[in-house]
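The next block holds one structure in the form of structure tokens; read it before the comments.
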Amino acid sequence: MSTENEGTAVPPAPSAPPVPVDAPAASAPQAPDAGAPTAPIPPYPSAGAQGPELVHAGPAPAYASAQGPQHGGAGGPEGAWPPPQPPGTPSYPDGGAGGAGPTGVWGAGYQQPAPKPKNGRGGLVAAILVAALVAGGLGGGLGYTLAKNNDNGSSTTLSASDSGGSVKRDAGTVAGVAQKALPSTVTIEAESTSGEGGTGTGFVFDTQGHIVTNNHVVADAVDGGKLTATFPNGKKYDAEVVGHAQGYDVAVIKLKNAPSDLRPLTLGNSDQVAVGDSTIAIGAPFGLSNTVTTGIISAKNRPVASSDGSGSNASYMSALQTDASINPGNSGGPLLDAQGNVIGINSAIQSTSGGGLGGTSQSGSIGLGFAIPINQAKYVAQQLIQTGKPVYAKIGASVSLEDSSGGAKITTEGAGGSAPVEAGGPAAKAGLKPGDVITKLDDHVIDSGPTLIGEIWTHKPGDKVKITYERDGKTRTVDLTLGSRTGDS
């Protein structure tokens, strides 16, 4: 399943995303084999492709619906994944190009002060709010005038009781959770050197000033851009990108001159989340900071693949699905459980609109949002803080990107002319060969390449997994120890 990030249209998830093959070193782009793309991250889907849209900060580009960073290769050629997606595929909140599909939850576009051009929709929202307030003021004034003119001195004045007692909000209530969590969330504004950018959300990770958010939220500020984080109390801090992971869609920024009273949010255990559990999302939908919405966990382990629209890499996740209202600007914000523990990072939504953040129309929530499980995000964030670079697990084989629900098929040709099964790699040691179709990873059903990559990336290098695959009409299983790749390229 693919989704769209806030601000970008996401292509539908192809049946088989590329599996990282090479070690840290990246190989040259490879030509697809007879119409079936391989392990390299697929190119940004062409207009018209349908898939989830990611909610990215500002006018964010859409992630390729079923492709992730390629291990050792550039994206596949045209005709590769993602193939046309069937109607109804989720898209990222900001609404991306293409038909209905999940979209990534990217930050809502925000407007820069004159004379810089702006690409946000805050102005429109503000205009509507002002109009509403003006109308309310006129109505109130007129009502007061009529009442005053009709008052003949016989009216009775009633005093409202003020002895109702103090209002207590228990920790387990939505109001109690919001009251505790809001001071530890920030609205992030990212601006590129050309003045383009948008807004997203993040939350306090530690007392040193590290903030966790989505990669697509801060992408504009990575190469010399400007980055700021504003707390609900109005205090704004300049920040810098510590590290970002395109494939995981996770990034860590650090506040400059961070305050000494930071309160990190408590991290939960996303593995223990159950369908039906209550959820609370905090973010800045369409630039409206500190917005709280509620819902439930609608499903777990949803395969979601998306592209940031750069045409290079894609991100994959085995997501938590929620019906809490998520829109452009919610990207990077925390998804909390009923106790206020972070169980995920809001990243994408299913959308029925083809508009993207920064476009003439923006998609909105239809009750299908997707979050990166916090267990995975925590591991990635710690790696970024320690080394500045992400580390990905891999099996060392190229997988076809053609649309299919039969599993993830190992191709006959690898990225950049390399072998489809890396010599001496995990897949080779396990006896996997070109043409094998992987149908399960442990107990998780694999119906496509993107699903396989998403599941692999929920693990760490060195983890042992059980691979179920089909060869010559026979089903076989084999144990495999995952390898590693450092960096997005």
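No hydrogens, no waters, no symmetry mates; every other heavy atom, side chains included, goes into these values. One-based numbering along the sequence shown.
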Heavy-atom distance under 4.5 Å between the side chains of [X] and [Y], does that happen here?
X	Y	result
Arg471	Arg476	yes
Ser398	Ile410	no
Leu432	Leu480	yes
Leu368	Gln321	yes
Thr439	Ile446	no
Tyr379	His459	no
Arg302	Phe370	yes
Asp323	Ile296	yes

Item to check | Worked verdict on Ile282 versus Leu336 for side-chain contact (heavy atoms from CB on, under 4.5 Å) | outcome: CA-CA 8 Å; Ile282 299 179; Leu336 310 170; 3.9 Å; yes
Roughly how far, to the nearest 0.5 Å, is the [atom2] atom of [Y] from the [atom1] atom of [X]?
X	Y	atom1	atom2	value
Thr266	Asn341	OG1	CG	5.5 Å
Asp277	Thr322	CG	OG1	10.5 Å
Leu452	Ile467	CG	CD1	6.5 Å
Ile253	Thr228	CD1	OG1	8.5 Å
Asp337	Ile297	CG	CD1	9.0 Å
Tyr469	Ile438	OH	CD1	9.5 Å

Please name the pair of heavy atoms, one in [X] and one in [Y], separated by the smallest distance, quoted to 0.1 Å.
X	Y	result
Thr201	Val217	N-CG1, 4.4 Å
Ser325	Asn330	O-OD1, 4.2 Å
Asp479	Lys466	OD1-NZ, 3.2 Å
Leu227	Glu240	CD2-C, 4.1 Å
Ala251	Val218	CB-CG2, 3.7 Å
Gln246	Asp488	N-OD2, 2.8 Å

Partner of His244 under side-chain hydrogen bond (donor to acceptor under 3.5 Å, both in side chains), chosen from Asn215, Asn214, Thr213: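 When side-chain hydrogen bond (donor to acceptor under 3.5 Å, both in side chains) is applied between His244 and each of Asn215, Asn214, Thr213, only Asn215 qualifies.
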Just by distance, do the side chain of [X] and the backbone of [Y] share a donor-acceptor pair under 3.5 Å?
X	Y	answer
Ser484	Pro461	no
Asn327	Ser365	yes
Asn269	Asp271	yes
Asp220	Glu191	no
Tyr248	Met317	no
Ser184	Val204	no
Lys226	Ala190	no

For Phe203 and Val186, run side-chain contact (heavy atoms from CB on, under 4.5 Å): C-alpha distance rounded to whole Å, both residues' side-chain angles, the deciding distance at 0.1 Å, then the answer. CA-CA 6 Å; Phe203 61 91; Val186 297; over 6 Å; no
Notebook entry, point to check: Does the side-chain contact (heavy atoms from CB on, under 4.5 Å) test come out yes or no for His444 and Asn301, once each step is laid out?
Noted result: CA-CA 9 Å; His444 296 283; Asn301 304 314; 3.6 Å; yes
Flag if over 12 foreign heavy atoms under 6.0 Å of NZ, Lys429:
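Check fails, neighbour count at 12 or below.
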Stepwise, does the side-chain contact (heavy atoms from CB on, under 4.5 Å) test hold for Ile280 with Thr293? CA-CA 6 Å; Ile280 300 170; Thr293 56; over 6 Å; no
Ignoring hydrogens and angles, state whether a donor on the side chain of [X] or [Y] is under 3.5 Å from an acceptor on the partner side chain.
X	Y	value
Glu455	Ser318	yes
Asn375	Ser270	yes
Ser289	Thr187	yes

- Message: Once you measure the plane-to-plane angle for Trp457 and Tyr392, does it fall in the parallel (<30°), tilted (30-60°) or perpendicular (>60°) bin?
- Response: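 Tilted, since the angle between the ring planes falls between 30° and 60°.
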